[in-house]
Amino acid sequence: MRLSLYPINTVKETPSEAEVISHQLMLRAGLIRRVAAGIYTWLPMGLRTLRKVEQIIREEMDRAGAMEVLMPAVQPAELWQESGRWEQYGPELLRLKDRHDRSFVIGPTHEEVITATARAELKSYRQLPANFYQIQVKFRDEVRPRFGVMRGREFIMKDAYSFHLDQASLAEGYAAMRAAYVRMFTRMGLQFRAVQADTGSIGGNASEEFQVLANSGEDAIAASDGDEYAANVELAAALPPTHARAAASQPLAEAHTPNAKSIEQLCGALKVSPAQCLKTLLVAGQDGGVVALLVRGDHELNAVKAGKLPGVASPFRMANAAEVQAAAGCEPGFIGPRGLKCPVYADHSALALANFVCGANRLDTHLTGVNWGRDLPEPTAADLRNVVDGDPSPSGQGRLKIVRGIEVGHIFQLGRKYSEAMNATVLDESGKASTMLMGCYGIGVTRIVAAAIEQNHDDRGIIWPAPLAPFQVVLVPMNAHKSELVRDTAERLYAEFIAAGIEVLYDDRDARPGVKLADAELLGIPHRIVIGERGLANGQLEYRARRAADNEDMPLAKAVAFIRARLNT
RNA sequence: CGGGGCAUGGCGCAGUCUGGUAGCGCAUCUGCUUUGGGAGCAGAGGGUCGCAGGUUCAAAUCCUGCUGCCCCGACCA
C-alpha cells in the first residue's frame, strides 16, 4: 500500500480517554476510533491486523473439522424465551422492537440460534459429532466498557458450538478445540496459559479459559512454575502444609489490646507477625445462625470456596454486626474461636499454627499462646483461603505464582442445558430421540488485537508479532523529492516486493525523515528498509527489525531474498 | 448500579474561584527556507465554550435541570 493514498493520522499526544497502553497505542497509531462508549470503528491499518487474527482462527478451526456459518446479530425474542434466558439475562442483553412491535435482541451470544439450527438440521446420530462456528459481531451492554476494544460493548467474537451423542464424544470434541486454541494462540505469537475456570452459572463438566499474560489484565491467575497447571485464583486449591504442627510451648494468656481491630493493628500492639495470628470470620449460616471460618492472619478468605461448605448460607455473605454480637458477644476485631458455639471450620494453614494469637470474644482483648487441642477443640479442616505467591502447586509440581491475564478464549463442555430446554434431539441407533450434548468455544477476536499490543510494545509504539502485523515490511525512502535515484529505487523495490507476494507498506509521503521513521515504529511494522543516497552509492540499503536497536546493511540487489529469509524465521 | 471526575476548534489543554474582546501547543492550509529521528520563519482558516432553562446591562465563568464521556468497586470473549 502506498501511504500517500491512505492518509493515516498518527498522533503524538496520548488521548486522555485511554488508560491502558494498548488503547493509547491503537488510538495514536490510528487503528481504531471511538464512535460511542465501547463502540469503535476499525480504520484500515487496524482492520488488517483484525483480519489476520480472524484468518488464523479460521484456518485452525477448519483444520480441527469445524464448519463456518454466519448467524444473525438480531435475533427474535421467542428463541430467548424458549431457553429461559429472556428472563435470566440482565440489562446486558440489548432488547429492541421492530415496527410491528415484535421483540428482538442483539445477540450477546448465539446458543439459542445455533441450537434452533441444529435441531432443524441434525436428525440422525450419523450426522454427529458436528461443530459449527462463526466470526461475528456481538453486543453486550456492559455496565462499564473500558480499555478500548479490550472491553467494548460491540465486539467481534469467534463462537463455536459442537453437538454430540454422548459424553465421550463431547470430551473428544472439547479436546480437539483445546488443541486448536493452543495452536492459534501460539501462531499469533502470544504468551498465554490455559487456565482452569469455574463452570459457574453455565454448568457442565469442564471449562478452561485462555489467558494472555499481561500486567494490565483484569483476571488473577495462579500458575505453577513447575508444569502447565494454571487456575483462576478463586479456584486454585490451597494445599495443607506438609510440616507437622509445632508443640505447645507457651502458656495461654490474655492480652489487653485496645483498638486493635485489624490484624495489622494487632501485630503492631503485640509485636507479632500476621502469620502468627488467627483471623476469625463469621459468615451467615443456612439455619439463620452463623458459621466461623478461621484463616491465618496473612491469608485471605476465598468466598467461592467458603460458599460451598456445608452449613454456609447461599448466597455467601458475611455476618452483620448484630449477628456477630449475638454469636461472639463482642464486636468484629476481637472474635476468636475459643468458646464459640457455632460450627467452626479452619483453613489447613490455620490448623498448623501453634502458640498463636486470636481474639478473646471480649472488647480490647486478645489471647496469646493459644494451642489447638489444649485450649480449644480441634475444628473441622477445610480449604478456605486464596492461594498466595509461593504456595505449592496443586498439580504437585512447582510453586504457584500469581499473575494477571486477559481472557481471550473460553471453552466449555455445556452438556444438555440448551439442547434440553430447546428440545434438540437426534434419533439414535435404536431409533429413539436422544437429546444432544453440546460444547461451546469462544474467542474474543477484537480483544486479541489489544492483548497482543499489551504484550508487545515499547516506548516508541507497537511491536507486532509477525503473524499479526498489518504489513510485513515498510519502505522508507529518504528525501525522495531531491533524489531521483532514491525515488526510482523505492518504486522499483515496492514493485518487487509486491511481485514477491510480500505485504509491503510504501511510505511515499512527502514527509521529513523523522516523521516517517517515527510512524514506522509507532505502527510496529516488523521489518523496515530505509532507502537513502548514502547507502545507495555502495549498493546498500539499511535494514532494521522493529525490536533491534541498530541498523544492518543489506545489499540492494538481494533485498527481497534478504527479507524473505527473515520472514521465515 | 453505587462513588468520584470531566465536558472550551480535529487532538491535548489554559481561562471558570474573582462575570466584561475566547487563548496556548499539536494538527490543517499558503509562501519561503529546510530535509538521516516527529523542522524554522511569516501568514491563514477553524470554536453558538455539551444541551435546556434561569440570574444579570452583560454568562465559558454564577444558579437549576438534563445529556454525554472518563476513572474506582460486584459481571464477562
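Computed from a prediction, not measured in an experiment: that's the story for all the values here. Residue numbering restarts at 1 for every chain, and letters A, B, ... go by the order of the sequence lines.
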Assign a letter to each nucleotide of nucleotides 31-37 of chain B from its 5' end: B, base within under 4.0 Å of a protein heavy atom; S, sugar-phosphate only; -, no contact.
---BBBB

For the backbone of [Y] and the side chain of [X], can you confirm whether one donor and one acceptor N or O come within less than 3.5 Å of each other?
| X | Y | answer |
| --- | --- | --- |
| A:R187 | A:P467 | no |
| A:R193 | A:E209 | no |
| A:N320 | A:E323 | yes |
| A:D389 | A:I402 | yes |
| A:Q413 | A:A206 | no |

[Y] versus [X], side-chain donor and acceptor atoms under 3.5 Å:
| X | Y | answer |
| --- | --- | --- |
| A:D159 | A:Q134 | yes |
| A:R404 | A:N215 | no |
| A:S83 | A:E112 | yes |

Just checking [X]: base, sugar-phosphate only, or nothing, at a heavy-atom cut-off of under 4.0 Å?
| X | answer |
| --- | --- |
| A:D141 | nothing |
| A:T109 | nothing |
| A:G152 | base |
| A:D159 | nothing |
| A:E19 | sugar-phosphate |

Rounded [atom1] spacing from [N] to [M] in Å:
| N | M | atom1 | answer |
| --- | --- | --- | --- |
| B:A22 | B:U64 | C1' | 25 Å |
| B:C11 | B:A74 | P | 33 Å |
| B:C6 | B:G12 | P | 16 Å |
| B:A7 | B:A14 | C1' | 15 Å |
| B:A39 | B:G45 | P | 25 Å |
| B:C13 | B:G47 | C1' | 15 Å |
| B:C62 | B:C49 | P | 15 Å |
| B:C32 | B:G9 | P | 33 Å |

Rounded interatomic separation in angstrom, taking NZ from A:K12 and P from B:G25
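After rounding, the gap between these two atoms is 13 Å.
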
Please report, rounded to the nearest Å, how far the P atom of B:A77 is from the CD atom of A:E209.
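Between P of B:A77 and CD of A:E209: 8 Å.
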
Can you see whether A:F562 has A:R566 sitting over its ring - NZ or CZ less than 6.0 Å from the centre and within 45° of the normal?
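The answer is yes, since A:R566 meets both limits relative to A:F562.
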
Cation-pi check, A:R48 to A:W42: give yes when NZ or CZ is under 6.0 Å from the six-membered ring centre and within 45° of the ring axis, no otherwise.
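That pair does not qualify as a cation-pi contact.
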
Might you list the N or O atoms of the protein lying below 3.5 Å from N or O atoms in nucleotides 67-69 of chain B, with each pair's distance?
residue, atom, partner, partner atom, Å
B:C69, OP1, A:A37, N, 3.4

Applying the Watson-Crick and G-U wobble criteria at under 3.5 Å, what pairs with [N]? Answer none if nothing qualifies.
| N | answer |
| --- | --- |
| B:G50 | B:C66 |
| B:U18 | none |
| B:G43 | B:C29 |

Within a strict 4.5 Å, meaning less than it, do heavy atoms of the A:I106 and A:L96 side chains meet?
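They are in side-chain contact.
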
Can you tell if the side chain of A:L94 reaches within under 4.5 Å of the side chain of A:V105, non-hydrogen atoms only?
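No. Closest side-chain heavy atoms not under 4.5 Å.
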
Out of B:G12, B:C72, B:A77, whichever nucleotide has its closest atom nearest the side chain of A:R140
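My answer, after comparing the listed nucleotides, is B:A77.
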
Quick check on the 6.0 Å ring-centre criterion: do A:Y161 and A:Y133 meet it?
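Between A:Y161 and A:Y133, the centre distance exceeds or equals 6.0 Å.
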
Mark yes or no for a side-chain to base donor-acceptor pair under 3.5 Å between A:R146 and B:C71, with no hydrogen or angle criteria applied.
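A donor-acceptor contact between them is absent.
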
May I ask you to evaluate whether A:T14 reaches the phosphate of B:G12, defined as a side-chain N or O under 4.0 Å from OP1 or OP2?
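Checking A:T14 against B:G12: no side-chain N or O falls below 4.0 Å of OP1 or OP2.
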
Is there any protein nitrogen or oxygen under 3.5 Å from a nitrogen or oxygen in nucleotides 2-8 of chain B, and what are the pairs?
none

